[in-house]
Amino acid sequence: MKELVEVIAGALVDDPSAVVVTEEEDDKQILINLTVAPDDMGKVIGKQGRIAKAIRTVVRAAGGSRTDKKILVDIK
């Protein structure tokens, strides 16, 4: 999952070297934290959050078949 978010975010931003993705897992969920440069925040979120929602949807679809845990993507 982490690699998928890195690839998607890296393609969207102007500064791919500033993209940092961490993954935390517990019994019930997987939390993926995405951090980008402040100037690139709007590109990752998109108008009315459409790109952020699309990223979350793709990650859930890719990971949902592998695990029964809830997958959350947090953009900072």
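- Cluster membership for L4 and V19, using ILVMFWY side-chain heavy atoms within less than 4.5 angstrom, is shared.
- Two residues are said to be in side-chain contact when any heavy atoms from C-beta on lie closer than 4.5 Å; V36 and L12 fail this criterion.
- When the shell of 6.0 Å around NZ of K43 is examined, it contains more than 12 heavy atoms from other residues, nucleotides or ligands.
- If you take CD on E23 and CD on E6, they are separated by 9.5 Å, rounding to the nearest 0.5 Å.
- Contact record, K70 with L72: CE-CD2, 3.7 Å, taken as the closest heavy-atom pair.
- If you run side-chain contact (heavy atoms from CB on, under 4.5 Å) between V73 and each of R56, R60, M1, only R56 comes through.
- Note: I71 CD1 to I30 CD1 = 5.0 Å, rounded to the nearest 0.5 Å.
- The minimum heavy-atom distance between N33 and E24, with the atom names listed, is ND2-OE2, 3.4 Å.
- The closest side-chain heavy-atom distance from D15 to D39 is not below 4.5 Å.
- If you chain together hydrophobic residues whose side chains sit under 4.5 Å apart, I32 and V58 fall into the same group.
- Under the 4.5 Å side-chain contact rule for hydrophobic residues, V13 and V59 share a cluster.
- Residue V20 is not grouped with residue V5 when hydrophobic side chains (ILVMFWY) are merged at heavy-atom distances under 4.5 angstrom, including chains of intermediate members.
- Annotation: side chain of L34 is in contact with side chain of V44 (closest heavy-atom distance under 4.5 Å).
- With K69 contributing its side chain and G63 its backbone, the two residues share no donor-acceptor pair below 3.5 Å.
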